[in-house]
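Numbers here simply count residues along the sequence, with the first being 1.
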Amino acid sequence: MKHLIYAAALLLGSHVMASEDIADKYPGSLLYDKPYEVIPGVFSAIGATAPPSYENAGHNNNLSFIVTGEGVVVINGGAAYGLAAALHEEIKAVTDEPVKLVFNENGQGHAVLGNGYWAEQGVPIVAHADAAHEVERFGGSILEAMQRYNRDRAEGTEVQLPTETFEDEYIVEKGDFRIEARHLGPAHSPGDIVIWLPKQSLVISGDIAFHERMLPIFPDTMTAEWIETWETAFEPLGARYVIPGHGHPTNMAQVRRFTRDYLFYLRAQIAAHLEAGGGLAEAYYVDQSPYAGLDTFEELATKNAGRVFEQMEFE
């Protein structure tokens with residue numbers, strides 16, 4: 001019955017509690033929280049919405065898995081070898097089915113640094129070609145950054161490239177699930193993909209969609225293109241359920257409000273600032289108060305504004 005309660009909550013756009021409010025919700029495991037069944041067969045371990053730290057072992061994103069009846073498909077390698085191993089223990093507590101496949105939602109550390117564990121198990125690891133390129137170029141520095149905050153909890157972690165890549169889509173038919181890994185277009189970071197389950201009307205969105213925490217805008221995040229990808233490819237999926245990259249499962253209206261609408265709002269604020277002849281120093285402080293209740297607002301709001309200014313100045 002638990003998955004029915006959560007499914008009802010996510011359809012209403014509610015969430016249980018901002019993850020940042022509790023230091024560790026699952027003592028005894030490196031996972032920040034125990035996986036739960038969102039809808040039948042689809043589980044997710046919801047990470048902290050705080051930045052990665054020793055306290056949350058880098059588990060500040062969602063680690064999901066699908067029990068298909070013909071094997072388990074995992075979404076995200078995890079931020080460290082130990083996190084991947086901890087997730088596997090939870091999978092084995094749920095099912096005797098072996099893990100058959102791992103997807104990396106992008107090339108960021110929380111998606112790929114646990115790949116080495118899965119490679120040891122002989123499991124294929126699939127990512128978009130651009131995400132694999134990010135790991136190849138920056139994997140060493142990503143690993144070093146994780147080792148600095150994770151210290152002994154980084155033990156055993158090495159850079160492991162995806163073993164398979166794709167450009168547009170990678171489709172798996174297992175049991176009752178048609179699992180469609182899709183690259184919908186430019187969004188948060190190079191090689192972003194979603195996992196679309198058309199029979200269940202559920203999308204594991206990765207970092208294309210946020211809601212409980214403020215989304216970060218990176219130097220290579222093209223916000224106008226992200227909005228276009230959202231409007232032309234992501235929202236037209238018509239997903240009833242959304243498991244975002246960070247934060248509790250919810251619905252499309254909720255992630256639209258805090259992703260597409262936030263990007264649109266911030267770009268409008270910066271456009272008005274540019275029209276008034278404002279410069280970069282003042283752009284950091286454009287009004288973002290409608291989003292001040294989001295976790296990581298203090299860490300990200302000014303950075304986001306500055307990066308959007310730098311983009312829009314030359315659009």
Side-chain angles (χ1 to χ4, degrees), residues 47 49 51-52 58-64 75-80 102-115 125-146 159-162 165-170 181-196 203-234 242-247 255 258-260 262-263 266-267 294-296 299-301 303-308 310-312:
T49 50
H59 183 200
N60 77 326
N61 67 320
N62 296 338
L63 304 176
S64 301
I75 296 86
N76 279 326
V102 172
F103 285 107
N104 294 158
E105 69 183 13
N106 53 41
Q108 296 177 53
H110 56 56
V112 304
L113 287 177
N115 282 352
I125 303 161
V126 179
H128 188 268
D130 290 347
H133 184 58
E134 290 291 291
V135 180
E136 188 171 19
R137 288 182 65 200
F138 304 115
S141 58
I142 292 170
L143 174 61
E144 288 172 6
M146 186 276 288
V159 176
Q160 166 67 53
L161 292 172
T165 62
F166 68 97
E167 293 288 347
D168 298 318
E169 62 181 18
Y170 187 106
R182 294 190 183 184
H183 176 63
L184 301 179
H188 179 252
S189 61
D192 279 322
I193 64 171
V194 303
I195 306 298
W196 169 231
V203 64
I204 301 172
S205 72
D207 284 350
I208 287 181
F210 289 73
H211 73 118
E212 291 175 345
R213 61 158 287 183
M214 174 160 276
L215 62 86
I217 295 172
F218 297 148
D220 56 359
T221 302
M222 297 294 104
T223 54
E225 294 176 348
W226 190 347
I227 292 171
E228 182 179 1
T229 296
W230 186 285
E231 294 179 342
T232 62
F234 179 65
V242 180
I243 300 178
H246 304 261
V255 290
F258 293 107
T259 305
R260 183 269 179 200
Y262 170 69
L263 293 169
L266 182 55
R267 285 178 58 84
L294 291 172
D295 288 347
T296 67
E299 291 89 347
L300 296 174
K303 292 179 183 177
N304 287 355
R307 284 172 178 158
V308 171
E310 290 168 347
Q311 291 174 17
M312 296 186 68

Side chain [X], main chain [Y], donor-acceptor under 3.5 Å:
X	Y	result
Thr221	His188	yes
Asn304	Ile217	yes
His110	Gly78	no
Thr259	Phe210	yes
His246	Met214	no
Asn61	Ala111	no

Taking all non-hydrogen atoms of both residues, which atom of [X] and which atom of [Y] are closest, and how far apart?
X	Y	value
Asn104	Pro162	OD1-CG, 3.7 Å
Ala209	Pro244	O-CB, 3.4 Å
His183	Asp192	ND1-O, 2.9 Å
Gln160	Ile125	CG-CD1, 4.2 Å
Asp130	His128	N-ND1, 2.9 Å
Phe166	Ala181	CE1-O, 3.7 Å

Is there side-chain contact between [X] and [Y], with at least one heavy-atom pair below 4.5 Å?
X	Y	result
Asn115	Leu161	no
Leu215	Leu263	yes
Pro190	His133	no

* To do: Answer with yes or no whether the side chains of Arg267 and Thr223 bring together a donor and an acceptor at under 3.5 Å.
  => yes
Working to the nearest 0.5 Å, report the span between [atom1] of [X] and [atom2] of [Y].
X	Y	atom1	atom2	answer
Trp230	Ser205	CH2	OG	7.0 Å
Leu300	Asp295	CG	CG	10.5 Å
Leu184	Trp196	CG	CH2	10.5 Å
Ile208	Arg260	CD1	CZ	15.5 Å
Ile193	Glu105	CD1	CD	8.0 Å
Gln311	Glu225	CD	CD	9.0 Å

* Asked: Can you list the residues that meet the salt bridge (charged side-chain N to carboxylate O under 4.0 Å, His left out) rule with Glu169, with sequence neighbours excluded?
  -> none
* Looking at residues at least two apart in the chain, or sitting in another chain, which of them share a side chain to side chain donor-acceptor pair (under 3.5 Å) with Trp226? -> none
* To do: Go through Asn76 and Ile204 one step at a time and tell me if the side-chain contact (heavy atoms from CB on, under 4.5 Å) criterion holds.
  => CA-CA 11 Å; Asn76 279 326; Ile204 301 172; over 6 Å; no
* Tell me, with the steps shown, if Thr296 and Thr49 meet side-chain contact (heavy atoms from CB on, under 4.5 Å). => CA-CA 8 Å; Thr296 67; Thr49 50; 5.8 Å; no
* Asked: Are Val112 and Glu134 close enough, and set up right, to give a side-chain contact (heavy atoms from CB on, under 4.5 Å), and what steps lead you there?
  -> CA-CA 10 Å; Val112 304; Glu134 290 291 291; over 6 Å; no
